[in-house]
Engineer: 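Below is a structure I'd like to ask you about.
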Amino acid sequence: MVFYITTPLFYVNDLPHIGSAYPTIACDFFAGHMLQRGEEVAFLTGTDEHGQKIEKAAKEASKTPIEHCDYIADEFQKLWEILGINYDYFVRTSNQEHYKFVTEFFKKVEANGDIYKGKYNGLYCSHCEDFWLEKDLKEDGDKLLCPTHKKPVEEYQQENYFFALTKYQDRLEKYINDNPDFISPDYRKNEVMGWIKDGLRDFPISRANLDWGIPIEGSDQVTYVWFDALLGYISGLGTDKEKYWNDKSKVVHIIGKDILRFHAVYWPAMLMSAGYPLPHRVFGHGFLTKDGMKMGKTLGNIIDPVALSEKYGAEALRFYLLRDIVFGRDGDYTDEGFIERLNSDLANNLGNLLNRALKLINKYNDGIIPDLSSKQNFDSLHQQFIGEIDKLNPYFALEAVFKMLDATNVEINSVEPWRALKIEASNEAALLSLVDALNACKVAAVYLAPLTPQLSKQIFINLGIYQASDLEKLERQDLLQNYLGFDQINKSIAGIKVLEEPVGIFQRLEKAPVAA
RNA sequence: GCUCCUGUAGCUCAGUUGGUUAGAGCAGUCGACUCAUAAUCGAUUGGUCAAGUGUUCAAGUCACUUCGGGAGCACCA
């Protein structure tokens, strides 16, 4: 099967932050997992670069819009490098290919009779440079005031191109009902159904008085930023559009909950109008808070992905975000929680288990993994893991892996091989408990490989399955399919000589992470 | 204001279509072990399941009411 996975296209009004890193890490994990399953995967991320806000941000930085965008887009790519994101495509909505595609798309929608000129009436605050709805404004006698600036708003009329969204209300509702997985989590699907039930309205897809956008032929207007941004998911594929955006491939959009409406309502309607296949899944993830509070520059409580990566490694951050937070719900970051999670799972549960078993094998069996038949069976774990990933629940998928490791720790403690082997170095039950422990670590390493590749590699190296040099400079797909693939799960490790001096796969964290 | 969701141990949450003494993880306490990255394992403390009324042989599980918490309400990336 062909999977096409996308992050949101990040708006370049600001430098990348943890909120952009979160879905991108999740996508990277999903994409890698699908590679392990032997699927064909395309993974796209990119930047959304048009609109008034960008024009303004550029002006404030004394740059042209494109200069500003070049700079921010570059910063995004740098962050993805630091975080080890293996995207296949990086789309920028300012590039020529995109302009061409949007223009063609616009024409298709127009030819289908879904674009018309209409008047947009708005209440405009010149201080916000934005429109307000009457119900959100404060009343002051007979005047309406902007709630942030407390200044009167002006009535403003603009002739815009509108998209006939209302025409698609029924088809949209049907599509969502016929494809129960289209919008998830289910509580967000309820929201969308509520919106549709309340009735949709046509929306303007053009802007006047704005230069930084894609020109609409035969007019002096440019496209509304969302009308163009969403199309980046297709235009960004370049010459691979038909290969990944077709009736058979599975298109998965991972987005933030704030932009659900655009992806779950506008986007499918636009695609229907232009005659394109619809995506299969739109997943709206939650937001991160810090110490229970919304993050913000003014509060100064920012989680800095670069600082965390520099101090603890990108893999620690990658693991933490997907393991500690239920994907879809809001998650709260605390320094204590971060350290606790990593220590508990990676250092204690997994790392320590591997280490103790390796030491015993070295001490009592010359480092050779004995050939003993085991009752271990990972079938149900495998089903569970895959099932949870299919539901885009990395939290529960990872939980299953660590429950398996918990059980392995229980088992080795009940057998007490250190005691039995001291009496009789060939005690089979004792040796078997060690083989099972090592094998469990190997299996965990396989499932974690798309998320924490270095850690997984080191487990395999410690086990003696590979030399460090075997795993250098491998392409990701090669690594995940041919070295750390699912066929490793049931492959015997009997007879392998483990590393004499095991390398710690994850050192316990002692101090509080860097403050923002 | 309207719509929807939610209120279970100190914290985070499970509790299937209502069915026996309400569960897990973490934290706390006590203990075991000593192979191991002061890790691991066991035991244990702790809840009138927000409150009330009702339906029922039986309600954490359904209905209603009150109180508390959250989300959404369109051009927001």
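The sequence lines fix the lettering, A, B, ..., with proteins before strands; numbering per chain opens at 1.
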Engineer: Quick one: ring pair (Phe, Tyr, Trp, His ring centres under 6.0 Å) partners of F396(A), sequence neighbours excluded?
Structural biologist: none
Engineer: What integer distance in Å separates L509(A):CG from A39(B):P?
Structural biologist: 12 Å
Engineer: How close or far is atom C1' of G70(B) from atom CZ of R188(A), stated in whole angstroms?
Structural biologist: 12 Å
Engineer: Would you classify P204(A) as touching base, sugar-phosphate or nothing, given that sugar-phosphate means primed atoms plus P, OP1 and OP2, and contacts are heavy atoms under 4.0 Å?
Structural biologist: base
Engineer: For D186(A), check side chain to side chain contact (heavy atoms under 4.5 Å, CB included) against everything at least two apart and list the hits.
Structural biologist: none
Engineer: Looking at residues at least two apart in the chain, or sitting in another chain, which of them share a side chain to side chain contact (heavy atoms under 4.5 Å, CB included) with Q169(A)?
Structural biologist: I196(A), L200(A)
Engineer: Parallel, tilted or perpendicular for Y312(A) and F338(A), by the 30°/60° rule?
Structural biologist: tilted
Engineer: Work out how far the C1' atom of G23(B) is from that of U65(B), and round it to whole angstrom.
Structural biologist: 30 Å
Engineer: In whole angstrom, give the distance that lies between atom CG of D186(A) and atom P of G72(B).
Structural biologist: 16 Å
Engineer: How many whole angstroms separate atom CD of Q52(A) from atom C1' of C76(B)?
Structural biologist: 13 Å
Engineer: List the residues meeting side chain to side chain contact (heavy atoms under 4.5 Å, CB included) with A164(A), not counting sequence neighbours, and say none if there are none.
Structural biologist: D114(A), Y116(A), K167(A), D202(A)
Engineer: Sticking with atom P, work out how far G15(B) lies from C33(B), rounded to a whole angstrom.
Structural biologist: 39 Å
Engineer: Output one line per pair: protein atom, nucleotide atom from nucleotides 27-37 of chain B, and distance, for all N/O pairs under 3.5 Å.
Structural biologist:
from, atom 1, to, atom 2, distance (Å)
C33(B), O3', R419(A), NH2, 3.4
C33(B), O2', W418(A), NE1, 3.4
C35(B), OP1, K422(A), NZ, 3.2
C35(B), O2, R356(A), NE, 3.0
C35(B), N3, R356(A), NE, 3.4
C35(B), N3, R356(A), NH2, 2.7
C35(B), N4, R356(A), NH2, 3.3
A36(B), O3', N355(A), ND2, 2.9
A36(B), O2', N352(A), OD1, 2.4
A36(B), O2', N355(A), ND2, 3.3
A36(B), N1, R356(A), NH2, 3.3
A36(B), N3, N352(A), ND2, 3.2
A36(B), N3, R356(A), NE, 3.1
U37(B), OP1, K359(A), NZ, 3.2
U37(B), O2, F506(A), O, 3.4
U37(B), O2, R508(A), N, 3.3
U37(B), N3, F506(A), O, 2.7

Engineer: According to side chain to side chain contact (heavy atoms under 4.5 Å, CB included), who are the partners of E60(A), at least two apart in sequence or on a separate chain?
Structural biologist: K56(A)
Engineer: Heavy atoms under 4.0 Å, any strand shown: does L200(A) hit a base, just sugar-phosphate, or nothing?
Structural biologist: base
Engineer: Check ring pair (Phe, Tyr, Trp, His ring centres under 6.0 Å) between Y11(A) and all other residues, then give those that pass, not counting sequence neighbours.
Structural biologist: none
Engineer: Between atom NZ in K197(A) and atom P in C2(B), what is the gap in whole Å?
Structural biologist: 16 Å
Engineer: In whole Å, measure the gap between the C1' atoms of A14(B) and A9(B) for me.
Structural biologist: 13 Å
Engineer: Any N/O pairs under 3.5 Å between the protein and nucleotides 10-16 of chain B? List them or say none.
Structural biologist:
none

Engineer: With rounding to whole Å, what would you report as the distance between U8(B) and U48(B) at their P atoms?
Structural biologist: 12 Å
Engineer: Between F460(A) and K442(A), is there a cation-pi geometry (under 6.0 Å to ring centre, at most 45° from the normal)?
Structural biologist: no
Engineer: Separation of W195(A) atom CH2 from C76(B) atom P, in whole Å?
Structural biologist: 15 Å
Engineer: In whole Å, what is the span from the CZ atom of F162(A) to the C1' atom of A74(B)?
Structural biologist: 12 Å
Engineer: Between A32(B) and A38(B), how far apart are the two C1' atoms, rounded to whole Å?
Structural biologist: 16 Å
Engineer: When we call it a touch if two heavy atoms are under 4.0 Å apart, what does G199(A) touch: a base, just sugar-phosphate, or nothing?
Structural biologist: base
Engineer: For the C1' atoms, the ones on U21(B) and on U40(B), what distance do you get once it is rounded to whole angstrom?
Structural biologist: 32 Å
Engineer: Provide the distance between the two P atoms, one in C67(B) and one in G25(B), to the nearest whole Å.
Structural biologist: 38 Å
Engineer: Considering residues at least two apart in sequence or located in another chain, which fulfil the side-chain hydrogen bond (donor to acceptor under 3.5 Å, both in side chains) criterion with E416(A)?
Structural biologist: none
Engineer: What contact category does Y187(A) fall into here, base, sugar-phosphate, or nothing, at under 4.0 angstrom with non-hydrogen atoms?
Structural biologist: nothing
Engineer: Please list, chain by chain and in numerical order, all residues satisfying ring pair (Phe, Tyr, Trp, His ring centres under 6.0 Å) with F506(A), sequence neighbours excluded.
Structural biologist: none
Engineer: Which whole number of Å gives the distance between the C1' atom of G69(B) and that of A51(B)?
Structural biologist: 15 Å
Engineer: Determine which bases of RNA chain B form Watson-Crick or G-U wobble pairs with both distances under 3.5 Å, and write the result as a 5' to 3' dot-bracket string with | for other-strand partners.
Structural biologist: (((((((..((((.....[...)))).(((((.......))))).....(((((..]....))))))))))))....
Engineer: Name all residues meeting the side-chain hydrogen bond (donor to acceptor under 3.5 Å, both in side chains) criterion together with T452(A); count only those two or more places apart in sequence or in a different chain, and write none if there are none.
Structural biologist: none
Engineer: Using the closest heavy atom to pick a nucleotide of RNA chain B for each, name whichever of D48(A) or S344(A) lands nearer the 5' end.
Structural biologist: S344(A)
Engineer: Could you tell me whether H253(A) and Y233(A) have their ring centroids closer than 6.0 angstrom?
Structural biologist: yes
Engineer: How far does CG of L271(A) sit from OH of Y175(A), to the nearest 0.5 angstrom?
Structural biologist: 9.5 Å
Engineer: Over how many whole Å does the gap from F203(A) atom CZ to C76(B) atom P extend?
Structural biologist: 12 Å
